[in-house]
Number of protein chains: 2
Amino acid sequence: MSLAAGPACEACPHGVGAAAGAPFTCARRQLGPGQHLFSAGDLAREVIFVRKGALRLYWLLRDGRRRIIGFRGAGEAIIPEEGQQHRFSAQAVTAAEVRAIPLTPFHAAARSNSTVLVGLHRQLARERDAAYELIAILGRHDAEASVAAFLLDLDDRTSSGTPGEWLQLSILRADIADYLGLSHETVSRVLTAFRQRRLIEIARSRQLRLLDRAVLVQIAGKGDVDRKRIGVSA
Amino acid sequence: MSLAAGPACEACPHGVGAAAGAPFTCARRQLGPGQHLFSAGDLAREVIFVRKGALRLYWLLRDGRRRIIGFRGAGEAIIPEEGQQHRFSAQAVTAAEVRAIPLTPFHAAARSNSTVLVGLHRQLARERDAAYELIAILGRHDAEASVAAFLLDLDDRTSSGTPGEWLQLSILRADIADYLGLSHETVSRVLTAFRQRRLIEIARSRQLRLLDRAVLVQIAGKGDVDRKRIGVSA
DNA sequence: CGGGTTATTGAATGATATCAACTTACGTGG
DNA sequence: CCACGTAAGTTGATATCATTCAATAACCCG
């Protein structure tokens, strides 16, 4: 994402801090699988940049279910509201490494460095828009469409561009289920159906490859936004 | 919302613009019911503050369905990404009045006025968090919980604090359905069930009053975030 | 190799969508 | 002010799809 690739973290501690005339520490932190970076209710103190591995952001529901809001992989950021409590929990899926910049100096830096400011806004707007995309998926109750959309998104975000590449699915079935609002059995059934239709290939449960992107796009498209009809005016 | 209540609009054109040393026009615009303020794909040029009435923000899906992302009532704002296309459409539900501030001078103002900056961040973070709340609702497939949560939210946002007040439900059943990812028949059935259980009162289809907030909260709670268990750490 | 976790598969239940008929609400013009 | 027509809302019957419960199988780590 733009922020992480920008001066905020790559050049830290000589980037933003220096530019702002207010150098600050950019703590590196290691997380083991399942370890929490923070929990909902904790006071938000830092902006997080994921360097390695992946985190899941989630809520627990009253009935004990887990609602996963999103995942953040290497190069992505987690931006909380200053002075507020975290509204969700962040937990490492795999072993992960993050950098944490205290919020106050970061905001101070953003004020004096418009590159950072614009990046910050863009990141927030993107998180919002990503949430809207997920809403679009969840609204249409169609398991196949949801899973197809998820796989395509995952492929877009993680693959290096080589088509037909193997996806390292560090995420469990239950993660996908909690993200898409489905049961893990349904996710399993859909993946099996896709495999039988030669749309994907699965190796040892956790590695998977998209074989027929076109058809997956079509399946996902059932609940997807119509990018052609969006210009309709009153 | 904080932004609209703050200097950004109330004091316009003598607020932000003046403070930034870069006065700008704050165009007033009137919208009739069903009229579009902008459509998805349009270039985003302005920050919008809703003064009167309500707007719905939505996408059209490929299959012709409409996915409503949210509503914005008086006092709320719509903040797009600078230089980007709008990702959703904004349409007046009722007759509405908005103020539009061009993005570029607004951002310039935000840079030099930290009150505006903080308000801007907060608004973006809130939109994101509101989207997350909706995700929590949509993920749990439970029509009664969804509708109850919607009614409570609507009541919180529109009522002046007087309990048992009549809600002016300018929103149609189909709007609620497209927002919650349900069919309008299901919405109707749930509302009828609530009425029969004396949880709400409906007058002439469009006006409604919450009679038993406690029970509604309980019903909504089925899919709601557990505010007590959120602190669980690994 | 073994024990715990994760994944798959099956059968039955249940909730919501869908299709369809009917009623109510509302604005318009006679 | 009433009659009419259209749009919105309600209600019922049916079908579909995802959940749930349950059992087996694959996987992974020590």
Side-chain angles (χ1 to χ4, degrees), chain A residues 32-34 56 61 63-67 93-95 137-148 150-151 168-197 200-208 219 222-223 234, chain B residues 32-34 56 61 63-67 93-95 137-148 150-151 168-197 200-208 219 222-223 234:
Chain A
R56 63 172 78 90
L61 305 184
D63 58 8
R65 284 163 199 274
R66 188 181 55 160
R67 194 84 273 286
V93 180
T94 58
I137 291 173
L138 292 174
R140 296 259 332 95
H141 304 187
D142 183 329
E144 293 209 337
S146 297
V147 175
F150 172 79
L151 291 179
Q168 192 58 43
L169 197 56
S170 51
I171 293 167
L172 307 178
R173 299 289 187 274
D175 281 316
I176 305 177
D178 288 349
Y179 181 62
L180 298 177
L182 301 167
S183 67
H184 66 98
E185 293 98 327
T186 298
V187 172
S188 180
R189 273 186 255 268
V190 171
L191 287 178
T192 302
F194 284 176
R195 179 163 46 83
Q196 287 171 346
R197 285 201 262 163
I200 61 172
E201 195 178 349
I202 304 176
R204 286 147 82 249
S205 297
R206 300 288 180 77
Q207 280 173 310
L208 127 183
I219 293 172
K222 282 181 194 164
Chain B
R56 62 172 79 90
L61 305 185
D63 58 7
R65 284 162 198 275
R66 188 181 57 161
R67 192 86 270 287
V93 179
T94 59
I137 292 173
L138 292 175
R140 295 265 333 96
H141 305 180
D142 183 330
E144 293 209 338
S146 297
V147 175
F150 173 79
L151 292 178
Q168 196 59 44
L169 195 57
S170 49
I171 293 168
L172 308 178
R173 300 287 188 274
D175 281 317
I176 306 177
D178 288 347
Y179 181 62
L180 297 176
L182 302 168
S183 66
H184 66 97
E185 294 98 328
T186 298
V187 172
S188 180
R189 274 186 254 269
V190 170
L191 287 177
T192 302
F194 284 174
R195 179 163 47 80
Q196 287 169 346
R197 285 200 262 164
I200 61 172
E201 197 178 347
I202 303 177
R204 286 148 81 251
S205 298
R206 301 288 181 78
Q207 282 173 308
L208 124 184
I219 293 171
K222 281 180 195 164

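Quick note on labels: first sequence line is chain A, next is B, and so on, each numbered from 1.
- One can place CG of A/D142 at 21 Å from P of C/dA15, the figure rounded to the nearest angstrom.
- Heavy-atom nearest nucleotides on DNA chain D were determined for A/R204 and for A/G181, and the one closer to the 5' end corresponds to A/G181.
- Atom NE2 of A/H184 is separated from atom C1' of C/dT6 by 9 Å (rounded to the nearest Å).
- If you measure from atom CZ of A/R173 to atom P of D/dC28, you get 11 Å, rounded to the nearest angstrom.
- Side chains of B/F150 and B/L182 form no contact here, defined as non-hydrogen atoms less than 4.5 Å apart.
- For the pair B/E144 CD and C/dG14 P, the computed distance is 16 Å after rounding to whole Å.
- A straight line from CZ of B/R189 to C1' of D/dG9 spans 12 Å, rounded to a whole angstrom.
- Across D/dT19, C/dT6, C/dT8, the shortest atom-to-atom separation from the side chain of A/L182 is found for D/dT19.
- Evaluation of atom-type donor-acceptor distances gives a pair under 3.5 Å for the side chain of B/E185 against the base of C/dC19.
- Across all strands shown, A/T192 has heavy atoms under 4.0 Å from sugar-phosphate atoms exclusively, and none from any base.
- For the atom pair A/D175 CG and A/R173 CZ, the distance stands at 10.5 Å (nearest 0.5 Å).
- Taking atom CZ of B/R206 as the reference point, atom C1' of D/dA8 lies 6 Å away to the nearest angstrom.
- When the side-chain nitrogen and oxygen atoms of A/T186 are compared with OP1 and OP2 of D/dT19, one or more of them lie within a distance under 4.0 Å.
- When the side-chain nitrogen and oxygen atoms of A/R65 are compared with OP1 and OP2 of D/dT20, one or more of them lie within a distance under 4.0 Å.
- Proximity note for A/S183 (side chain, C-beta onward) versus C/dA7, D/dT20, D/dA8: the nearest is D/dT20.
- At distances below 3.5 Å, at least one donor-acceptor pair connects side-chain atoms of B/S146 with backbone N or O atoms of B/D142.
- In the set C/dT16, C/dA7, D/dT11, the nucleotide with an atom closest to the side chain of B/A143 is C/dT16.
- Here D/dG9 presents its C1' atom at 13 Å from CG of B/D175, a figure rounded to the nearest Å.
- Heavy-atom minimum distance, B/R67 versus B/Y179: NH2-O, 2.8 Å.
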